[in-house]
Amino acid sequence: MMTSARVYPAVACAIAALLGAASAARAETVILNGSNVDKVAAIADVAPRMSWALWEYATGRFNNGGIGVSPGRSVLMRYSLASIPAGQRITHAEWIIPVLTTEGVEPRFYFWRVLGDWGPGVSHLYRSVFPQRVEWTRPGARGQSSDRATRPSEIVRVESLGDRVVNVTEDIEIWYTKSSPNNGWIITIEDPAVSVRFNGTPMTSPDNWKLRVTYEPE
């Protein structure tokens, strides 16, 4: 006569814990920082042919100690994902953005996936000037569905200064699987009389600009 096996609660819990541990052991997390940023630019309508119009401390004068965004001034940034092994599934990704100061009422900034490739000589007017000059569809990479995605990846409301942690899993997955080319993000201000300044640049303060990606084998 055959009898059905009985699984006691304690045994079931132990099995579940072992399975959970095995699954967790397969997942790995890589932390990318500013040294993994292989393209970055700061573009501004007041300096339409400059690639590095960072924080304007006086009219027409820019310093390179920190990045600021405001109406008409945006930041382009791309991380290389080469350190993520092939054959993985992206399970979670967070971009940690260091906010130093803000101005304006209820400040917030937007970031969007960039659709058009950009490179040497990128500016408010051009997405590249070498080996040939290529204009943005709209100056400042503002052409939706051509220069940048139709909708923002996130709208970040700055309720306090310091690191703002943003879920970017969908973007990283799209780039990792090559569903869309990795042209990075553009950070913009869409509200009048608002500005946000970040703490350092990926080159001067690489540890301030972290991208944390968790993945596991497919």
Side-chain angles (χ1 to χ4, degrees), residues 34 37-79 95 97-158 164 166 168 170-171 174-175 180-203 209 211:
V37 172
D38 58 6
K39 291 201 298 186
V40 61
I43 61 176
D45 55 3
V46 295
R49 290 177 173 80
M50 288 181 64
S51 299
W52 205 233
L54 295 177
W55 189 255
E56 188 177 21
Y57 65 91
T59 302
R61 296 175 179 268
F62 303 91
N63 68 23
N64 61 0
I67 298 174
V69 288
S70 58
R73 181 178 291 109
S74 307
V75 172
L76 295 149
M77 194 177 303
R78 188 185 82 162
Y79 286 80
W95 194 14
I97 305 176
V99 176
L100 182 63
T101 61
T102 65
E103 293 181 0
V105 179
E106 297 183 354
R108 58 183 181 172
F109 59 90
Y110 295 59
F111 65 91
W112 321 67
R113 282 187 294 109
V114 181
L115 302 181
D117 188 22
W118 52 283
V122 60
S123 67
H124 180 75
L125 295 178
Y126 305 106
R127 56 187 177 95
S128 66
V129 297
F130 182 83
Q132 61 184 3
R133 183 168 293 179
V134 181
E135 296 181 348
W136 296 108
T137 302
R138 289 184 59 195
R142 300 188 70 84
Q144 293 189 355
S145 78
S146 54
D147 299 327
R148 67 187 191 188
T150 303
R151 60 178 178 83
S153 298
E154 191 62 77
I155 301 171
V156 183
R157 300 180 185 277
V158 185
R164 313 304 300 166
V166 185
V168 292
E170 181 179 348
D171 289 350
I174 287 172
W175 293 332
S180 180
N182 176 10
N183 292 317
W185 291 288
I186 183 168
I187 306 175
T188 71
I189 294 289
E190 303 293 324
D191 305 307
V194 168
S195 66
V196 177
R197 187 178 182 186
F198 304 112
N199 191 359
T201 72
M203 295 77 68
W209 293 89
L211 177 61

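Remember, it's a predicted structure, so these values are computed and weren't measured experimentally. In what follows, residues are counted from 1 in the order of the sequence shown.
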What's the verdict on side-chain contact (heavy atoms from CB on, under 4.5 Å) for Asp117 and Lys39, showing C-alpha distance, side-chain angles and the deciding distance?
CA-CA 11 Å; Asp117 188 22; Lys39 291 201 298 186; 3.3 Å; yes
Where do Met77 and Phe111 land on the side-chain contact (heavy atoms from CB on, under 4.5 Å) test, with the steps shown first?
CA-CA 10 Å; Met77 194 177 303; Phe111 65 91; over 6 Å; no
Got [X] and [Y] here, is their nearest side-chain heavy-atom distance under 4.5 Å?
X: Arg113; Y: Trp175; answer: yes
X: Val69; Y: Tyr110; answer: no
X: Met203; Y: Val40; answer: yes
X: Pro202; Y: Ile67; answer: yes
X: Arg73; Y: Val46; answer: yes
X: Arg108; Y: Asp191; answer: yes
X: Arg49; Y: Leu125; answer: yes
X: Trp95; Y: Glu154; answer: no

Restricting to non-hydrogen atoms, name the atom on [X] and the atom on [Y] that form the minimum distance, rounded to 0.1 Å.
X: Ala44; Y: Ala53; result: CB-CB, 4.0 Å
X: Ser70; Y: Ser195; result: CB-CB, 3.9 Å
X: Thr137; Y: Ser146; result: OG1-OG, 3.2 Å
X: Leu54; Y: Ala42; result: CD2-CB, 3.4 Å
X: Ile186; Y: Gly140; result: CD1-O, 3.7 Å
X: Ala41; Y: Trp118; result: CB-CZ3, 4.2 Å

[X] (side chain) donor-acceptor with [Y] (main chain) under 3.5 angstrom:
X: Ser74; Y: Ile43; answer: no
X: Trp136; Y: Gly143; answer: no
X: Asn182; Y: Tyr79; answer: yes
X: Thr102; Y: Val196; answer: no
X: Thr188; Y: Glu190; answer: no

Checking salt bridge (charged side-chain N to carboxylate O under 4.0 Å, His left out) for the pair Arg127/Asp147: CA distance, chi angles, key distance, verdict?
CA-CA 9 Å; Arg127 56 187 177 95; Asp147 299 327; 5.2 Å; no
Rounded distance (nearest 0.5 Å) linking atom OG1 of Thr101 with atom CZ of Arg197:
6.0 Å
Once rounded to the nearest 0.5 Å, what's the spacing between atom OG of Ser128 and atom CD of Glu135?
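Between Ser128 OG and Glu135 CD, I get 10.5 Å after rounding to 0.5 Å.
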Counting only heavy atoms not in Glu170 (residues, nucleotides, ligands), do more than 12 fall under 6.0 Å from its CD?
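Count not over threshold, so no.
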Do the charged groups of Asp38 and Arg78 touch, with an N to O distance under 4.0 Å?
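A salt bridge links Asp38 with Arg78.
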Can the ring centres of Trp209 and Phe198 be said to be less than 6.0 Å apart?
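Trp209 vs Phe198: aromatic centres under 6.0 Å.
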